[in-house]
Amino acid sequence: MSARAYINAEVVKNLELAEGAYHLVVDAGSGMEPARPGQFVMVRPKEGLDPLLSRPFSIHEFEPRRMEILYRVVGRGTGLLARLAPGQTLSLMGPLGRGFDTTNEKVLLVAGGIGVAPFLFLARRLYEQGNSPHLLFGAKTKEELVRVEELSEFCAETVVVTEDGSRGEKGLVTEYLEAAIAKNGVQKVYGCGPVPMIRAALRIIESHGVPFFVSLEEVMGCGVGVCLGCAVPRADEGYLHLCKDGPVLDAREVKW
Amino acid sequence: MSARAYINAEVVKNLELAEGAYHLVVDAGSGMEPARPGQFVMVRPKEGLDPLLSRPFSIHEFEPRRMEILYRVVGRGTGLLARLAPGQTLSLMGPLGRGFDTTNEKVLLVAGGIGVAPFLFLARRLYEQGNSPHLLFGAKTKEELVRVEELSEFCAETVVVTEDGSRGEKGLVTEYLEAAIAKNGVQKVYGCGPVPMIRAALRIIESHGVPFFVSLEEVMGCGVGVCLGCAVPRADEGYLHLCKDGPVLDAREVKW
Amino acid sequence: MVSLGVKIAGLSLKTPLMAASGTFGYGGELLLAVGAENLGAIIVKGISLLPREGNPPPRLAETPCGLLNSIGLENVGVDRFIEEKLPFLRKHDVPVIVNILGDTANEYRDLAERLGSVDGIAGLEVNIGCPNVEAGGMSFGTAPAASALVTEAVRSVWPGFLMVKLTPNVTDITEIARAVEAAGADCLSLINTVRGMAVNVDTRKPRLKNVIGGLSGPAIKPIALRMVYETWRAVKIPVVGVGGITSALDALEFLIAGASAVQVGTANLVRPTAIREIAQGLRDYLASRDIPDINDLVGSLIL
Amino acid sequence: MVSLGVKIAGLSLKTPLMAASGTFGYGGELLLAVGAENLGAIIVKGISLLPREGNPPPRLAETPCGLLNSIGLENVGVDRFIEEKLPFLRKHDVPVIVNILGDTANEYRDLAERLGSVDGIAGLEVNIGCPNVEAGGMSFGTAPAASALVTEAVRSVWPGFLMVKLTPNVTDITEIARAVEAAGADCLSLINTVRGMAVNVDTRKPRLKNVIGGLSGPAIKPIALRMVYETWRAVKIPVVGVGGITSALDALEFLIAGASAVQVGTANLVRPTAIREIAQGLRDYLASRDIPDINDLVGSLIL
Ligand SMILES: Cc1cc2nc3c(=O)[nH]c(=O)nc-3n(C[C@H](O)[C@H](O)[C@H](O)COP(=O)(O)OP(=O)(O)OC[C@H]3O[C@@H](n4cnc5c(N)ncnc54)[C@H](O)[C@@H]3O)c2cc1C
Ligand SMILES: Cc1cc2nc3c(=O)[nH]c(=O)nc-3n(C[C@H](O)[C@H](O)[C@H](O)COP(=O)(O)OP(=O)(O)OC[C@H]3O[C@@H](n4cnc5c(N)ncnc54)[C@H](O)[C@@H]3O)c2cc1C
Ligand SMILES: Cc1cc2nc3c(=O)[nH]c(=O)nc-3n(C[C@H](O)[C@H](O)[C@H](O)COP(=O)(O)O)c2cc1C
Ligand SMILES: Cc1cc2nc3c(=O)[nH]c(=O)nc-3n(C[C@H](O)[C@H](O)[C@H](O)COP(=O)(O)O)c2cc1C
Ligand code: FES
Ligand code: FES
């Protein structure tokens with residue numbers, strides 16, 4: 001079966017981890033091809049035309065048949081997703097897009113809030129290659145530090161930062177980025193989170209001459225490169241298309 | 001609470017009695033005012049705008065809190081209804097419209113297929129008044145004679161007719177109508193079923209000079225008289241509005 | 001406490017939410033469900049000089065997130081309206097706006113004159129989406145000159161609040177809007193329904209007996225919103241937004257895009273309590289954002 | 001066995017289902033998902049003489065049963081299309097129709113001329129919904145004369161299959177249709193997207209960076225169907241229906257209302273396998289009703 005078709009997946013688990021943050025596990029049967037960390041899936045209700053579009057989500061964790069996503073309820077589509085109970089089905093298509101490069105370099109993962117989603121799968125993959133990454137994970141409060149225990153299992157070191165200081169360091173991740181890069185001899189940084197965080201991180205990381213790859217978001221129509229909806233401005237001119245060229249992009253390629 | 005508002009009702013039972021014919025029982029809580037036989041309810045999914053309109057259904061049986069409808073799956077709305085499981089909720093508004101007159105006269109009920117829906121509630125009411133009606137119930141096959149046992153409990157006599165002769169008399173109800181009126185000294189006939197059946201019945205009943213009241217169908221928008229969508233041509237000129245003037249109408253008032 | 005009150009062309013409304021013509025009857029049924037305190041105004045079903053029968057059924061067909069109707073302007077006529085419907089409406093503390101329609105500009109004028117002779121009418125809404133019988137049947141509202149003609153005819157006899165309702169079935173709504181503004185309208189309401197059709201593939205018949213009808217409901221919201229925005233930028237008089245509003249968020253989209261008030265139509269059929277819920281939603285929105293006055297939002301679109 | 005084959009203005013299609021421009025890329029991604037046997041034709045994303053960047057993001061916004069887009073005609077330009085995209089398309093047994101666009105009538109003509117010099121193109125679809133740069137920016141397709149001008153310009157250099165795609169943002173589509181027919185089009189496709197807008201009430205910004213975009217999807221189906229029916233009655237050349245088709249039943253509505261074929265657009269985004277499923281649905285419909293040939297349905301509306 002081609003990746004260009006929706007398959008039915010059965011909800012195995014759909015748990016609210018913190019207010020508005022959910023962990024969904026589905027049984028995708030044998031219809032889903034193996035995924036790479038950083039790739040995404042398009043998800044839609046099994047029936048109906050409203051909401052019309054599928055919603056993109058990073059693959060949080062993947063094993064054959066079993067696909068997981070971590071999501072925050074922000075609107076109608078995610079609201080409907082949150083109401084799915086085990087045993088119910090949804091439609092999904094994927095894996096889609098280009099993921100993270102997992103060659104063996106010293107990697108630092110920088111996550112903001114729900115932006116941590118793609119990093120469990122990535123950290124495990126790196127760990128299994130004997131190359132445990134460092135993790136810098138920021139959030140508003142300790143409640144938003146979802147899945148941090150699972151993640152830190154695969155990480156050489158985990159630094160958590162909360163804006164209110166309710167857990168770990170107090171402040172913004174960017175305040176601890178400098179140190180994390182320098183101390184660990186980081187060769188590459190992967191980021192996922194709110195755009196202001198990514199922007200601020202980019203300035204710091206660039207000043208260290210370290211490559212920075214980010215998983216970005218944009219409204220998507222098709223997820224497979226046909227609608228040209230998911231445009232991201234290129235640093236020079238024209239647009240990248242997130243669903244094909246990304247969702248992981250070299251931060252220097254993007255106009256911020 | 002005014003009848004002009006939707007209330008949430010919980011599905012107690014939603015059983016397929018025969019292929020495509022369902023019996024739905026809901027707990028309407030205390031929000032629903034007492035109904036009269038022949039009235040209807042507007043039913044819609046609890047959420048979403050597609051399908052946009054509510055669907056009208058005759059009240060099949062009613063006790064405080066407990067409301068029942070009998071329905072056939074013919075399209076999208078009824079298809080969605082059929083998928084509701086006990087414990088799930090739907091929105092409903094009612095009772096609406098004008099029902100059957102239940103003064104004590106000798107009554108004959110003529111039902112075709114799912115058109116039997118409003119007659120259980122009516123027959124029970126008449127029975128409780130000590131005025132059990134006669135029932136003439138026609139269908140294509142014996143499978144379509146849904147709820148006939150429950151109904152016949154309240155009827156002085158039940159004649160069933162199937163087109164294929166699989167149960168009761170063979171043929172069309174109209175072939176047995178003449179006899180049913182004459183034999184029982186019927187003073188009034190109530191009908192509900194396909195328009196061709198009603199039309200044929202009207203000719204026979206008129207020739208006996210007996211009043212004939214029918215429960216009709218038309219696409220409805222609001223169910224409460226504001227949209228003027230549910231027009232039924234009057235015998236003389238202009239239109240009746242089924243949701244206010246009906247759904248039970250004097251057959252002689254209607255242009256057929 | 002937040003304030004939902006708005007004032008349009010001199011008419012004060014308790015909330016910016018009007019009941020759209022044809023979807024609230026003559027007010028009786030739904031007024032209680034909504035509550036007078038939530039209702040800016042009631043626009044009654046379109047009234048003509050003489051009673052009209054309307055179109056044969058089926059008159060309604062559902063489409064994806066939309067509703068097609070071909071009610072065909074069925075109404076009791078102005079005399080019965082004044083005798084039978086207006087007394088009830090007068091009893092409530094809600095401005096009554098009468099939606100009027102005619103076959104000729106003179107009919108519109110005569111109707112306005114007749115309505116000018118009675119009490120309890122806060123204003124008129126002129127439906128120029130009706131066929132222009134003297135000019136081959138295209139609707140008045142599709143030509144600037146015919147739109148202006150009807151507006152002037154009504155204005156000549158009606159000094160009070162005059163709102164003209166535009167049809168969306170045009171190439172350039174701003175052209176019509178400017179013509180109607182110049183002809184003396186106090187404000188504009190838009191949009192009326194979009195012409196549409198549906199077919200029953202089992203019977204191969206049109207779903208409406210009238211073949212073509214008017215599309216309303218959430219499906220047309222993006223079209224209505226665009227036209228409100230375009231019109232708001234093109235005229236100086238206030239604009240009232242209509243089309244697919246079913247929630248407070250929908251109403252807010254229109255206000256932000258330039259509408260001074262909005263009308264709720266099809267949503268009243270879907271939920272008779274819609275306007276009450278939308279009013280509550282507006283209050284919650286303002287309160288949660290510390291915006292004291294709904295008027296602060298009007299035209300606040302950030303480009 | 002039922003037959004889904006249709007022939008429009010000399011072009012034979014295996015099914016009456018074309019992939020609408022802009023929703024199927026250049027064919028590569030979705031062709032395999034759909035299967036060549038289900039696809040009447042591929043209409044590629046609109047091509048211009050020079051590459052175009054398109055509009056800044058956000059370019060998409062969802063609306064009730066609809067999609068707003070402001071892709072802004074991003075495309076690789078005709079030269080790269082011929083070099084990079086056409087070779088792949090040629091390999092499949094599916095007619096390729098190139099959707100063309102320009103700022104001036106001359107650009108349309110030059111484009112058609114360039115495409116006339118290469119193999120593997122079954123026909124052109126002329127998108128006249130683009131801004132007419134020489135005449136103030138209103139779209140060519142909103143004026144009969146400008147629509148005819150573009151059609152004639154293309155016809156003068158392109159002897160082959162010529163389909164002109166009409167915009168729905170007009171008062172009277174039949175007027176445009178007749179002008180385009182007289183100017184030499186072989187057939188008409190309609191509708192392109194309906195202009196619409198959406199606002200984010202949290203940020204008070206338009207949901208599209210471009211503010212206004214084109215509405216597509218199920219929401220516009222009743223509008224498209226009405227225009228197809230009106231146009232079919234007004235012209236003699238075949239009409240191809242587009243707008244909101246997501247199921248076989250939708251496609252059948254258009255065929256019954258007069259369309260000789262249909263295009264599937266937004267549905268391809270929602271389900272890449274949409275056209276395959278629709279083709280199967282058409283076969284099932286014909287089989288279950290003992291209708292041997294899909295052409296028997298075209299224009300079979302019973303009034
Ligand atoms: C490649 C990719 C991976 C993503 N991974 C995750 C993830 O792992 N976990 C997670 O919680 N979220 C993720 N997102 C974001 C997620 O897709 C949106 O939160 C979701 O689509 C919102 O849907 P909604 O209907 O609830 O919100 P809406 O009511 O549609 O809108 C709420 C907000 O979400 C934005 N939004 C709406 N639709 C989309 C869309 N199709 N794509 C992007 N943004 C949209 C809107 O602009 C708006 O600001 C990812 C997005 C992309 C592009
Ligand atoms: C007063 C009244 C009482 C009714 N009681 C019953 C009942 O007890 N049991 C029962 O099975 N059916 C009853 N009906 C019919 C029932 O409302 C329709 O079968 C139902 O609305 C079809 O919805 P759908 O979405 O499944 O079909 P659709 O896909 O919408 O259409 C399928 C067919 O149903 C017709 N239809 C669609 N909407 C309506 C509507 N709002 N009103 C009437 N017809 C419609 C269409 O014209 C079409 O022919 C009643 C109708 C009325 C007006
Ligand atoms: C059933 C129905 C009847 C209508 N009757 C009228 C009318 O008499 N006069 C009028 O100007 N508009 C009439 N309209 C149009 C509405 O007032 C409104 O402009 C349109 O439906 C769009 O708004 P909505 O999407 O909120 O319904 C009617 C609409 C519907 C659905
Ligand atoms: C994302 C997107 C891009 C489009 N690009 C083009 C285009 O380049 N040229 C064109 O003529 N139409 C274009 N269209 C319009 C479609 O071809 C079609 O006419 C319209 O979407 C209505 O059909 P639908 O409802 O099936 O999508 C585009 C539509 C969408 C949604
Ligand atoms: S989402 Fe359609 S091209 Fe990327
Ligand atoms: S359904 Fe609206 S008036 Fe009867």
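When reading the values below, keep in mind they use all heavy atoms of this one structure, side chains included, and skip hydrogens, waters and symmetry mates.
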Below 4.5 Å from any heavy atom of chain A, which atoms of [X] appear? Answer side chain, backbone, both or neither.
X	answer
D/P56	both
D/T63	backbone
D/N268	neither

Polar contact flag, side-chain donor to acceptor under 3.5 angstrom, D/T193-D/S216
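Absent: no donor and acceptor within the cut-off.
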
Short side-chain donor-acceptor distance under 3.5 Å, A/Y239 and D/N55:
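No, no side-chain donor-acceptor pair sits under 3.5 Å.
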
With a 4.5 Å cut-off on heavy-atom pairs, point out which of A/G48, A/G77, A/G221 contacts chain D the most.
A/G221

Mind ranking A/C230, A/S54, A/G238, A/S91 by heavy-atom pairs under 4.5 Å with chain D and telling me who comes out on top?
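The option with the most such pairs is A/G238.
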
For the student: nearest non-hydrogen atoms of A/V146 and A/L70, plus distance:
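Minimum heavy-atom contact is CG2-CD2, 4.0 Å.
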
Which atom names give the shortest non-hydrogen contact between D/M227 and D/P168, and what distance separates them?
CE-O, 3.2 Å

Please flag which part of A/M220 lies under 4.5 Å from any non-hydrogen atom of chain D: side chain, backbone, both or neither.
backbone

Part of A/K255 within contact of chain D (heavy atom distance under 4.5 Å)
neither

Rounded to the nearest 0.5 Å, how far does CG of D/L17 lie from CD of D/Q263?
10.5 Å

Ring-plane angle category for D/Y26 and D/F81, please: parallel below 30°, perpendicular beyond 60°, tilted otherwise.
tilted

Please identify, among D/V270, D/T273, D/I71, D/T246, the residue contributing the most non-hydrogen atom pairs under 4.5 Å to chain A.
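Highest number of pairs under 4.5 Å: D/V270.
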
